[in-house]
Amino acid sequence: MNSSHANSTQRIVLRAEDVWKSYDDGAITVLRGVDFTGFQGETVALCGPSGCGKSTLLHLLGGLDEPDRGRIAVNSKELNRHSSPLRLLRHEIGFVFQLHNLIPDLTLEENCLIPTVAAGFDRKAALARLHELTDRTGLSHRLGSKIQKLSGGERQRTALCRALMNKPRILLADEPTGSLDEATSAAVFDLLLEIVANEGVTLVMATHDRGLASRCGRLIEMHDGRIHEPV
Amino acid sequence: MIFLKLIVTNLLRHRIRSLISIAGIAFSVAAMLTIVTVLQGAVAMFSGILSSDSQIIVFERNVSDLFFSSVPSEAVQTISSWSIVQHADPVLFGIVSSSDHPIITCFGITDADARLRKATWIQGDRSNFGKDANGVVLGQRAAEFMSTALGRTVQIGHGLFHVAGIINTANGFEDGGVFMPLSSAQAFFHKEGSSSVITIKLRSKEDVPDFKAMIRHSFPNLVALEDEEFTRSYSQFKILKATAWAVGGCGLLLGGLGVANTMIMSVFTRIREIAILRVNGFSNGQIATMIFGESAFVSVLGAIVGLLIGTLFLFTLKLIPALHGYVDTSVQPLVVLIVIVLALLTGVAGALYPAIYAMRIRAVEALRFE
């Protein structure tokens, strides 16, 4: 089912067509013929109960997993088992997870530089980008801090900086504030929306929090592996 | 820099495990270095006995051990008479035992032999060698462990001999050996009319091919080899060297298993971390490089520590009076290089399975489970 409130002139950056996904040799079907279109610069919230397939859809859109059936395209390029997701993960898509997923023995700066090391970016340019992002997220005074020394909010902001280091055009966020208290969650989400708006990044976020979801440009309901009509 | 830190950080996270792996490689390297160096030293010493002021060794064809070689006296006389030969010295090897020493090497030589000429005479005079059929010259170490001196009588094997001189030589085997007149040695070892080898010095090195051809033609049951050629091809040396490397290699294999264990644990305990790196764009090659880098770090550090331990151990061996002169502890650069390369290869081999496992980790599966 195609769900689109977006202007038809906007460029399509993400597309899923009749996507099916199951686990345990088909015993558990998580996605049942999902159609989804994401436009450049929009913010989309995927809402629904646990197990409805939100995270799985994000993983498929980011090239971390392959659908059993159906097609996924990012920036008009179809993903298939023969295409490496490396280009996507290095240049086009950033991920933020519920848990910050930072490497504890590295500093904030080193964690954020990981994507630039993977992509082989120039260190000077990478540091400039790091300072730009940490200035915006209020982390510039914590660059040399180990992850254990950071608060929950700081860790999630660090994860956001890391996801945006290589200037991806798409940000896929899986319950990005799910592990934070209400106040911190709101603050981090404000920051997330501000940054994606400033950078023109497309945000697709899976969340249980309807309050946060309602602040996105588009809200999509998922139930039992299917997308329902937009609210 | 971050890449390097990712490698080192993981080793520092599990310090004890890393140290055990480094120690495993270090002790393996030390064992290999010690065994190979000592045996190569022994081989070099034995070669040195044969090549004393000579270029070529002539011995019986197809014998596995020079102690079993029998070269007839006629061959010595004939070869000595060839114009291209400067001198031909027959040597008869024999092994006897005394009450306190199970192995004493005996050399049956002529009074013209280079060993007597080149040695430092501590007691006695070279001119007296061979005048008395029962007179023997002892190496300094042999004289020490037999507690004897010039003019005294010593029991060697089943015979009693008169000490006609004591000499000091740089070669441990010679210094711990007994030099007998050739004819006495032939009688003592029941090898009348023969010697074990003939050591040859030619007037010109260019005559070596001609000399070999003459031996082939005149004495088809003998073989002539240049010193280096002999050291390379002598089966006993080959067996010794192969044994040394095999024993050392087994040690290194055990060290490698230690590295493999460490690396497997290292990968298993950070599956999620590897998944995070994948999500952030790390390729299979980068993940594998990280794992191999970690094992290479352990191996190289282990090799360096092992070389230090091995060198220290060799130095200690050299200080032990009982081994003085028997152990050549000069470490060959080639051996060091081979040991380091083997340690590195062992580390890489140990990291092979963990690296493949790490490359197969699917980020989506690793991240699904908290």
Side-chain angles (χ1 to χ4, degrees), chain A residues 21 23 30 51 55-66 84-107 109-121 123 126-127 130 146-147 159 162-166 168 172 174 178-179, chain B residues 1-19 262-263 265-294 296-298 354-356 358-370:
Chain A
K21 182 69 185 175
Y23 296 107
V30 182
S55 299
T56 301
L57 181 59
L58 287 185
H59 294 156
L60 294 176
L61 291 172
L64 294 183
D65 208 351
E66 294 158 6
S84 162
L86 270 186
R87 180 185 52 79
L88 277 186
L89 296 172
R90 286 178 175 176
H91 304 287
E92 296 179 42
I93 287 178
F95 269 99
V96 180
F97 298 94
Q98 180 175 3
L99 292 177
H100 53 77
N101 282 334
L102 299 167
I103 296 177
D105 300 284
L106 302 185
T107 62
E109 177 179 327
E110 288 161 345
N111 266 288
C112 287
L113 289 175
I114 285 173
T116 66
V117 171
F121 284 176
R123 185 171 165 81
L127 284 173
L130 172 71
K146 287 272 175 70
I147 299 307
R162 185 182 62 184
L164 294 169
M165 275 302 291
N166 289 357
L172 303 176
D174 192 357
S179 62
Chain B
M1 191 64 189
I2 291 172
F3 207 83
L4 189 67
K5 192 157 182 190
L6 279 171
I7 291 170
V8 178
T9 295
N10 197 51
L11 291 172
L12 291 176
R13 252 181 223 161
H14 308 283
R15 286 187 179 85
I16 300 293
R17 203 166 67 195
S18 303
L19 279 176
T262 299
M263 297 313 302
M265 293 303 293
S266 163
V267 170
F268 284 6
T269 53
R270 55 177 176 150
I271 287 176
R272 191 176 179 86
E273 190 174 302
I274 291 169
I276 294 167
L277 293 174
R278 279 207 170 290
V279 171
N280 284 285
F282 264 56
S283 65
N284 275 343
Q286 285 170 318
I287 298 282
T289 305
M290 199 174 72
I291 306 296
F292 282 125
E294 214 174 294
F297 194 89
V298 168
I356 291 170
M359 287 194 294
R360 286 181 179 164
I361 290 173
R362 297 186 66 224
V364 69
E365 283 170 10
L367 293 173
R368 190 175 298 139
F369 303 102
E370 302 303 329

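Since the structure is predicted, the reported quantities are computational estimates derived from the model, not experimental observations. Residue numbering restarts at 1 for every chain, and letters A, B, ... go by the order of the sequence lines. The analysis underlying the following values was restricted to heavy atoms, covering all of them including side chains, and did not include hydrogens, waters or symmetry mates.
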Side-chain touch [X]/[Y], heavy atoms, less than 4.5 angstrom:
| X | Y | answer |
| --- | --- | --- |
| Asn280(B) | Asn166(A) | no |
| Leu86(A) | Asn284(B) | no |
| Leu99(A) | Arg272(B) | yes |

May I ask you to name which of Ile93(A), Leu106(A), Leu102(A), Leu88(A) has the most heavy-atom pairs under 4.5 Å with chain B?
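The residue among Ile93(A), Leu106(A), Leu102(A), Leu88(A) with the greatest pair count is Leu106(A).
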I need the residue from Asp174(A), Thr116(A), Val117(A) with the largest number of non-hydrogen atom pairs under 4.5 Å to chain B.
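That would be Val117(A).
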Output yes when Lys5(B) and Asp105(A) qualify as a salt bridge under the 4.0 Å nitrogen-oxygen rule, no when they do not.
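Asp105(A) and Lys5(B): not salt-bridged.
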Picking from Arg13(B), Arg278(B), Arg270(B), which has the most non-hydrogen pairs under 4.5 angstrom with chain A?
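Looking at each option in turn, the highest pair count goes to Arg13(B).
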Between Ile114(A) and chain B, with a heavy-atom cut-off of 4.5 Å, which part of the residue counts as in contact: side chain, backbone, both or neither?
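Backbone plus side chain of Ile114(A), per the 4.5 Å heavy-atom cut-off to chain B.
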Quick one: CZ on Arg362(B) to CD on Glu66(A), what's the gap to the nearest 0.5 Å?
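One finds 6.5 Å between CZ of Arg362(B) and CD of Glu66(A).
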Value rounded to 0.5 Å, distance of CD1 in Ile276(B) from NE2 in His100(A):
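Those atoms lie 8.5 Å apart.
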Has the side chain of Gln286(B) got a donor or acceptor atom that lies under 3.5 Å from a matching backbone atom of Ala118(A)?
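A pair under 3.5 Å: yes.
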Please give me the minimum heavy-atom distance between Arg90(A) and Ser283(B), naming the atom from each residue.
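Heavy-atom minimum between the residues: NH2-CB, 3.5 Å.
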